[in-house]
Amino acid sequence: MTTPRPSAAGAPGPPGRGTGHGLAGVPLLGAEEAAGRLLSGLDDGTVAFPAPAERLAASDVLTLIDLDAGAVGRPEDGARLATALRTSERLLVGLAREPLSRAGVLVAEALTLTLSGCPQPGRAHVIVGDPLADAARLADAVQAAPLAALTLAGVLRVGEAAGPGVAQALVAESLAYSMLLAGPEFAAWRASRPARAQLAPGPEPVRLERPRSRPGLVRITLNRPERRNAVSRHVRDALVDALELVAADPLIRRVELRGAGPDFCSGGDLDEFGTADPASSHAVRLARSPARMVHRSAERVHAHLHGACVGAGIEVPSFAGTVTADPGAWFRLPELAFGLIPGAGGTVGIPRRIGRWRTAWMALTGEPVSAARALEWGLVDRIEPVTPGGPARSGGSPC
């Protein structure tokens, strides 16, 4: 790894691999130097706070921390540096090519996430082919939506500090989401993708079944396959109604959550994004939260996921007590590309399964996660063939 430099753009990568334009101007510091600037209160805008610019860039909110430079040896030194680094309000992304010491792991756990070229202890890292090259790709994503990226990092820290307080963490997520709905990054995305005319809801957007042959079982199926089970307000409300029935009936001992058609769920209905004012949207999310209702009955809920599980399609199931994924299932958090953060519970439920660091990687990069990797991380509990929840209705086209 290189010695610390003021900018990652000039840091050499392996032969034949460019670092990408996304690292232009992005600070690259050693852990000791970054912590020293934080402790001194004399930071020059590279590690403590985002730059006070009207139009932010990745370099204004993102700092790379070279975890191989001046590697920390003693655990007490690692704890000292970690305490200082936790005070930063920027995105701090660690880079590691070599195995970290226990002290280095403590430092990594204080960061937003670490890109590592080799396996490390714990959950604070994501293994990548080349940390610097992957940092450039991550910086490109941050460059496209720096306000949303900065907000994401802050919300994940708040959720971690909330500990087991799921309700409080969901409120924080919703407030941040509504703030971004009123922001320029979402407005630019919405302008580039005008909403289509909303289709009339089907007669049964969520199917509820209680098989007579299996007393105590309820099967809840997202039933909008012509739109890949995209969560419209009608789907959301029907899902909440079904989960409220579960919460009120102690005779229901097991709940199967499934999706009809080729995919479990393609996420929120993009044509409804931003159609209500942000303040009212926050109130609706508090009152009608499928994630909160799944969490309320988590020990009884078994999610069976297949195909695409995007946005809400993994955020809501992440609260289930058991999650089974089909071998072909895949998972993705795409919201940053819209100028938003996950808003269906993803900054709360997913970190409780895989840690805030890997959640940050999923949300910042928008890259898909395979079923195998999801199992390795703990995003799902088992992999086995999943049968879609009933036949798809005909008509319509995939969104």
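Values reported hereafter were calculated over all heavy atoms of this structure, with side chains retained and with hydrogens, waters and symmetry mates removed.
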Without swapping roles, check the side chain of [X] against the backbone of [Y] for a donor-acceptor pair under 3.5 Å.
X	Y	result
Ser297	Arg300	no
Thr87	Ala84	yes
Arg353	Gly378	yes
Arg332	Gly366	yes
Arg288	Asp237	yes
Ser266	Arg228	yes
Glu173	Gly346	yes
Asp263	Ala308	yes
Glu299	Gly321	no
Arg253	Pro215	yes

(request) Decide yes or no on side chain to side chain donor-acceptor pair (under 3.5 Å) for Arg90 and Thr63, but give the supporting numbers first. (result) CA-CA 7 Å; Arg90 291 171 69 98; Thr63 298; 2.9 Å; yes
Do the side chains of [Y] and [X] get nearer than 4.5 Å, heavy atoms only?
X	Y	result
Arg224	Pro205	no
Asp66	Glu33	no
Pro27	Val47	no
Glu335	Glu315	yes
Val218	Leu208	yes
Pro317	Leu305	yes
Val26	Val142	no
Trp361	Thr112	no

(message) Walk me through whether Arg210 and Arg219 qualify under side-chain contact (heavy atoms from CB on, under 4.5 Å).
(response) CA-CA 6 Å; Arg210 301 187 74 161; Arg219 186 173 295 120; over 6 Å; no
Over all heavy atoms of both residues, which pair between [X] and [Y] is shortest? Give the atoms and the distance, please.
X	Y	result
Leu100	Ala108	CD1-CB, 4.2 Å
Phe264	Leu222	O-CD1, 3.7 Å
Val206	Val235	CG2-O, 3.7 Å
Ala176	Ile341	CB-CD1, 3.9 Å
Trp357	Leu113	O-CB, 3.5 Å
Leu85	Leu92	O-CD1, 3.7 Å

(request) Run the ring-centre check on His304 versus His306 and record whether the distance is less than 6.0 Å. (result) no
(message) Please determine whether a side-chain nitrogen of the Lys or Arg among Asp271 and Arg196 lies less than 4.0 Å from a carboxylate oxygen of the Asp or Glu.
(response) yes
(request) Mind telling me whether Phe338 and Trp189 have parallel, tilted or perpendicular rings, with 30° and 60° as the class edges? (result) tilted
(message) For Arg296, I'd like to know if atom CZ has over 12 heavy atoms of other residues, nucleotides or ligands within 6.0 Å.
(response) no
(request) Apply side-chain contact (heavy atoms from CB on, under 4.5 Å) to the pair Val126 and Met362, showing each step before the final yes or no. (result) CA-CA 10 Å; Val126 175; Met362 288 184 67; over 6 Å; no
(request) Report the distance from atom CD of Glu272 to atom CG of Leu270, rounding to the nearest 0.5 Å. (result) 10.0 Å
(request) Show your working on salt bridge (charged side-chain N to carboxylate O under 4.0 Å, His left out) between Arg137 and Asp140 and close with a plain yes or no. (result) CA-CA 5 Å; Arg137 286 189 284 273; Asp140 284 337; over 6 Å; no
(request) For side chain to side chain donor-acceptor pair (under 3.5 Å), just list the numbers for Ser178 and Arg285, CA-CA rounded to whole Å, side-chain angles, deciding distance to a tenth of an Å, and then say yes or no. (result) CA-CA 10 Å; Ser178 277; Arg285 279 192 297 276; 2.4 Å; yes
(request) Begin from the C-alpha positions of Met293 and Val246 and carry the test side-chain contact (heavy atoms from CB on, under 4.5 Å) through to its verdict. (result) CA-CA 9 Å; Met293 294 307 301; Val246 170; over 6 Å; no
(request) For Arg356, enumerate each residue passing the salt bridge (charged side-chain N to carboxylate O under 4.0 Å, His left out) test, keeping only those at least two apart in sequence or located in another chain. (result) Glu160
